[in-house]
Amino acid sequence: MTQQIENNTAVQKHFSVKGMVQKIIDNIKLVYKYGYAQLYGEERAGWIIRFTLLSLALGVLNLIIYFIRLKKFPFEMYLGITFASVFFMILYAAPFLGLPEIIAGARLCLTEQILLFAMMAVLFDGLFFLFEKTKAARFSPFLSLLGVVSIYAGTHYFGIFHGYLYYELTRYNSVVEVTNSIIENCPKYQYTIISTTEELYQAIESGRHEEILDFYNRSKQEKYIIPTEYLFFYIEKKPIQYAQYHFFTGPRWLAQAKYTKFYKYSNAVLSEGDEIANSQISEFLLNDPITITGKASDAYSNIKNREILESEMYFWCQKFKMHFPNEIKVYYEDEDFICYVVKQNTDHLYDLSD
């Protein structure tokens with residue numbers, strides 16, 4: 001009887017190990033399908049896997065040689081790059097593996113792209129390292145230059161030359177600079193920025209933030225105060241379309257305008273070069289109803305809401321200036337954006353209700 005139990009246990013362990021191995025294989029296939037192949041297509045994905053295995057082999061070889069020579073196990077070299085590229089791809093494919101999505105896939109792509117390029121260059125780095133140990137090492141700079149020219153010519157010839165960069169534009173550059181100036185020049189946590197959500201993340205470690213939507217609602221209450229010495233009112237005179245894809249432009253030898261066409265047939269808002277899609281504040285928008293949304297950041301993606309909120313705060317500042325002309329100053333202004341500042345006596349705070 002005892003022998004039979006032991007045999008059953010051994011069989012269960014055997015099937016358990018086999019099942020575990022099969023699960024690992026299935027997960028590797030899923031990472032390939034929903035990671036490498038989904039991002040780069042089957043053909044390129046196959047080449048990336050080959051370079052990954054080659055880089056892994058070179059990394060192990062480098063580790064062995066390093067240990068024999070210095071009795072240390074370095075991880076920051078070839079193995080580190082290879083491991084990071086695979087790990088980030090697993091993070092990208094995590095939802096298809098039944099794992100939580102720790103980082104949005106779109107945010108991983110740029111980092112993963114750089115890691116893959118670095119990993120695929122491991123072989124060439126190794127060859128250059130060996131070349132440096134020969135008498136012909138003096139030709140290395142010329143070979144490097146020849147390599148760069150070859151890559152440039154090859155990408156043009158095969159039609160895979162990169163396009164111009166683009167990014168998701170959510171605010172004007174001047175707004176970022178103004179926030180930096182406030183952070184540098186104002187006492188910590190003694191100021192509040194009243195604006196859309198973006199400034200919350202920039203100033204969270206040194207100041208306070210009030211959503212422009214909350215300001216709009218609370219200013220209609222019977223009493224409303226903000227208990228900091230400085231109040232900064234961020235107003236877009238030309239409310240920006242949130243969020244828009246902004247494409248860079250330039251000479252053809254530097255990059256190609258190849259991405260814009262993929263967005264023109266969608267509902268995405270596009271801008272290019274120096275042009276930024278925006279609107280205009282107006283007194284005629286005062287008291288217009290705002291579309292209700294689940295959270296403040298969603299409200300700002302509706303351009304009509306944004307026009308109303310920016311107009312309301314601009315004319316609120318004008319009204320405040322009529323009553324306290326010496327207490328509100330222009331901190332910064334350009335054709336698109338204006339920032340007002342109010343300095344309060346913290347013992348006698350202003351009532352900011354209408």
Side-chain touch Q221/S353, heavy atoms, less than 4.5 angstrom: no
Note: R171-E199 ion pair, threshold 4.0 Å (strictly below): yes
Donor-acceptor pair between Q22 and D26 side chains, under 3.5 angstrom: yes
Heavy-atom neighbours of K237 NZ exceed 12 at 6.0 Å: yes
Pairwise side-chain contact, I303 with Y242, heavy-atom cut-off 4.5 Å (strictly under): no
Min side-chain heavy-atom separation F87-L91 under 4.5 Å: yes
Between CG on residue D288 and CD on residue E307, distance to nearest 0.5 Å: 9.5 Å
Distance under 6.0 Å and angle within 45° of ring axis: R50 vs W47: yes
Ring centres under 6.0 angstrom apart (F233, F320): no
Passing candidate, ring-ring contact (aromatic ring centres under 6.0 Å, His included) with Y259, options Y164, Y166, Y167: Y166
Pairwise side-chain contact, T155 with H162, heavy-atom cut-off 4.5 Å (strictly under): no
Distance-only side-chain donor-acceptor flag, Y350 / N345, under 3.5 Å: no
Polar side chain donor-acceptor pair, H209 to S195, under 3.5 angstrom: yes
Aromatic ring pairing F232/Y331, orientation class (parallel under 30°, perpendicular over 60°, tilted between): perpendicular
For C317 against I235, the heavy-atom pair lying closest together: SG-CD1, 3.8 Å
All side-chain contact (heavy atoms from CB on, under 4.5 Å) counterparts of K33, not counting sequence neighbours: none
Residue pair E42 / Y32, side-chain heavy-atom distance below 4.5 Å: yes
Other residues, nucleotides, ligands: >12 heavy atoms within 6.0 Å of F117 CZ: no
Option among V178, I194, I338, I212 that satisfies the side-chain contact (heavy atoms from CB on, under 4.5 Å) test with Y234: V178
Contacts of type side-chain contact (heavy atoms from CB on, under 4.5 Å), residue D214, not counting sequence neighbours: E210, E211, R218
pair L285-Y314: side-chain heavy atoms closer than 4.5 Å: no
Side chain proximity check, C109 to Y92, heavy atoms < 4.5 angstrom: yes
S55 and T82: side chain donor to acceptor below 3.5 Å: yes
Main-chain N/O of K238 paired with D336 side-chain donor or acceptor, under 3.5 Å: no
ILVMFWY clustering at 4.5 Å (side-chain atoms), partners of L200: Y201, I204
Residues Q113 and Y40: side-chain donor-acceptor under 3.5 angstrom: yes
Q190 versus T228, side-chain donor and acceptor atoms under 3.5 Å: no
Test of ring centre spacing under 6.0 Å for Y230 and Y191: no
Check: H246 main-chain N/O paired with E272 side-chain donor or acceptor under 3.5 Å: no
Expected output: side-chain Y300 to main-chain L213 donor-acceptor under 3.5 Å: yes
Flag if over 12 foreign heavy atoms under 6.0 Å of CZ, F124: no
Short side-chain donor-acceptor distance under 3.5 Å, N278 and E236: no
Aromatic plane relationship, Y245 with Y263 - under 30° parallel, 30 to 60° tilted, over 60° perpendicular: tilted
From CD (E222) to CG (D351), nearest 0.5 Å: 9.0 Å
Centroid separation W316 to F215 less than 6.0 Å: yes
